[in-house]
Chemist: 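I'd like to ask some things about the structure below.
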Amino acid sequence: AATQQLVSFCDAIIEGTQSKKKHVHIRSPDTRMEDIALYEEIIRLKNGEQPAALVTLIRSTGSTPRKAGAKMLVRSDGSIQGTIGGGRLEVEVIQKALETVENGRPSTAEFDLTEDFGHACGGRLMFYFEPINPRPCLVIFGAGHIGRMLAQLAHQSGFYVTVVEENPQRPPLECADETIFCTFEEAFTRLKCGKRSAIAVVTSEHERDFSVVRAALDTEAGFIGMLGSQRKKAALIDYLRRSGLSEDQLGRVTSPIGLDIGAQTPAEIAVSVVAQLISFRRQHADANRGDRAGSRPLDENGPLQTASAPQ
């Protein structure tokens, strides 16, 4: 009630100062409260796992059911919050929003409300479609020097970071959103790794790296990377083949993880890995990169470690 009174008071001030202007549209407190609820739902989705698209009416001419500023949130399952007018128009806008959810690219689209397009209002509307994606998840196996630097940089780059560490004597990482102390095998029973998730394997033992990668391939993670060299990758592939995995499964593994920038220190290696993870996160927009800074592709692999396959 107090919030609504404050909004009404502010609207009264604005209306008083603009009373001599024509066609001033003052949004009602109810509309503003609807927007607050919509933004709260966006925050919930960003912290969850379900993608969505925010539809905003940015221009309207002629007779239209809603005016500029109207918003509607369309979730990936087709459910909505808010409305841009209902009817056939809303059905068409929802379909366009679901395309935005699928391709992950913002866009604008115009809709004519004329009889030629099956409508009767006669106006024209332009909408802005904005993808709302959950924070990408990164699971780091190993909390050594590289794992810690990787967690810090990934967190600063917008990832939800979970670190899995077997040594309970290590302190939790303040820069990680979550630190799990358990065996690597047990961690997979507690983690939910979907197609938008990334797994970085940076343990202190090569044998543990290989077993973690093997377990990671049983998840739906969209990115699975292991620290190492081309020689270590060859040993890993041999190990996975002997485990009975298909070539398609083997192709899901990125190793050596990180872009080849000549990294040597833990911080430099973490930079190369986070750069590759950002590329994974942004890959849906590759066609729209253009010539802006940071758009030039780099080779994936670099010489970091060597190892033989465990027997």
Side-chain angles (χ1 to χ4, degrees), residues 3 7 27-58 66 68-86 89-109 111 125-140 151 153-163 175-180 190-200 219-224 274 277-288:
T3 301
V7 172
R27 303 185 69 203
S28 70
D30 288 342
T31 302
R32 292 188 175 183
M33 294 303 292
E34 289 175 3
D35 283 353
I36 291 174
L38 185 143
Y39 291 132
E40 289 176 342
E41 175 63 7
I42 290 176
I43 293 173
R44 188 190 71 80
L45 291 171
K46 293 285 285 185
N47 290 325
E49 299 178 353
Q50 185 179 24
L54 176 63
V55 182
T56 304
L57 177 55
I58 58 177
R66 297 293 301 271
K71 297 178 178 64
M72 178 175 69
L73 186 66
V74 181
R75 305 177 187 86
S76 58
D77 60 4
S79 61
I80 65 173
Q81 181 165 330
T83 178
I84 47 84
L89 168 67
E90 190 158 284
V91 173
E92 295 175 358
V93 170
I94 289 174
Q95 184 59 45
K96 176 65 177 176
L98 291 175
E99 294 176 9
T100 300
V101 173
E102 181 66 23
N103 62 41
R105 291 190 292 269
S107 64
T108 59
F111 293 81
L125 301 161
M126 175 177 281
F127 294 96
Y128 176 62
F129 296 83
E130 178 184 1
I132 304 297
N133 293 319
R135 287 177 64 190
C137 296
L138 171 63
V139 181
I140 302 172
L153 290 177
H155 180 80
Q156 292 173 347
S157 299
F159 288 84
Y160 183 94
V161 178
T162 299
V163 176
C175 56
D177 295 277
E178 184 179 10
T179 303
I180 300 175
R190 301 164 60 175
L191 295 169
K192 293 179 63 177
C193 297
K195 295 180 180 180
R196 296 175 182 268
S197 301
I199 295 175
T219 73
E220 295 183 353
F223 181 95
I224 300 172
V274 171
L277 292 172
I278 291 173
S279 179
F280 160 71
R281 183 174 70 183
R282 303 292 188 190
Q283 64 186 0
H284 59 264
D286 279 355
N288 295 330

Chemist: Nearest 0.5 angstrom please: Tyr160 OH to Glu178 CD, how far?
Modeler: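 Here the interatomic distance stands at 4.5 Å.
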Chemist: How many angstroms lie between NZ in Lys71 and CZ in Arg66, if you round to the nearest 0.5 Å?
Modeler: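 Rounded to the nearest 0.5 Å, the NZ-CZ separation comes out at 9.5 Å.
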Chemist: For Ala52 and Val101, which heavy atoms make the closest approach, and how far apart are they?
Modeler: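 What the structure gives for the nearest pair is C-CG2, 3.5 Å.
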Chemist: Would you say the side-chain atoms of Lys195 pair up with the backbone N or O of Ala221, donor to acceptor, closer than 3.5 Å?
Modeler: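 Between the backbone of Ala221 and the side chain of Lys195 there is no qualifying donor-acceptor contact (under 3.5 Å).
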Chemist: At what distance, to the nearest 0.5 angstrom, does NZ of Lys192 lie from OG1 of Thr162?
Modeler: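 It is 12.5 Å, given to the nearest 0.5 Å.
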Chemist: Rounded to the nearest 0.5 Å, what separation is found between the CG atom of Leu45 and the CZ atom of Arg75?
Modeler: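 Leu45 atom CG to Arg75 atom CZ measures 6.5 Å (nearest 0.5 Å).
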Chemist: Search all heavy atoms of Ser76 against all heavy atoms of Gln50 and return the closest pair with its distance.
Modeler: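 Ser76 and Gln50 have their closest heavy atoms at OG-CG, 3.2 Å.
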Chemist: Any idea which heavy atoms bring Leu54 and Ile132 closest together, and the distance?
Modeler: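 Minimum heavy-atom contact is N-CG1, 3.9 Å.
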Chemist: Would you indicate whether the side-chain heavy atoms of Leu191 and Ile180 approach each other to under 4.5 Å?
Modeler: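 Yes, close enough: below the 4.5 Å cut-off.
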Chemist: Measure the spacing between OG1 of Thr56 and CZ of Phe127 and express it to the nearest 0.5 Å.
Modeler: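 Atom-to-atom, Thr56:OG1 and Phe127:CZ are 9.5 Å apart.
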Chemist: Determine whether Val274 and Gln156 satisfy the following criterion, side chain to side chain contact (heavy atoms under 4.5 Å, CB included), listing intermediate values before the conclusion.
Modeler: CA-CA 10 Å; Val274 171; Gln156 292 173 347; over 6 Å; no
Chemist: Applying side-chain contact (heavy atoms from CB on, under 4.5 Å) between Phe111 and each of Ile84, Leu57, Val93, report the one that passes.
Modeler: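 The passing option is Val93.
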Chemist: Can you find a pair of side-chain heavy atoms, one from Arg196 and one from Asn133, that are under 4.5 Å apart?
Modeler: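 Contact flag for Arg196/Asn133 side chains = yes.
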Chemist: Work out which heavy atom in Pro134 is nearest to a heavy atom in Gly48; give both atom names and the distance.
Modeler: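 Heavy-atom minimum between the residues: CB-O, 3.1 Å.
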Chemist: Using 0.5 Å steps for rounding, measure from the OG1 atom of Thr100 to the OH atom of Tyr128.
Modeler: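 With rounding to 0.5 Å, OG1 (Thr100) is 9.5 Å from OH (Tyr128).
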Chemist: Using modelled atom types and a 3.5 Å cut-off, is there a donor and acceptor pairing between side-chain atoms of Asp177 and backbone atoms of Val161?
Modeler: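 The answer is yes, because a donor-acceptor pair under 3.5 Å joins these two groups.
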Chemist: Looking at every non-hydrogen atom in both residues, tell me the closest pair between Pro136 and Gly158 and how far apart they are.
Modeler: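 Answer, listing the atom of Pro136 first, then Gly158: CD-O, 3.7 Å.
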Chemist: For the residue pair Phe280 and Ala198, what are the closest heavy atoms and their distance?
Modeler: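 Closest approach of Phe280 to Ala198, heavy atoms only: CE2-CB, 4.2 Å.
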Chemist: Determine yes or no for a side-chain-to-main-chain donor-acceptor pair under 3.5 angstrom, with Gln81 supplying the side chain and Ile42 the backbone.
Modeler: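 The answer is no, because no donor-acceptor pair under 3.5 Å joins these two groups.
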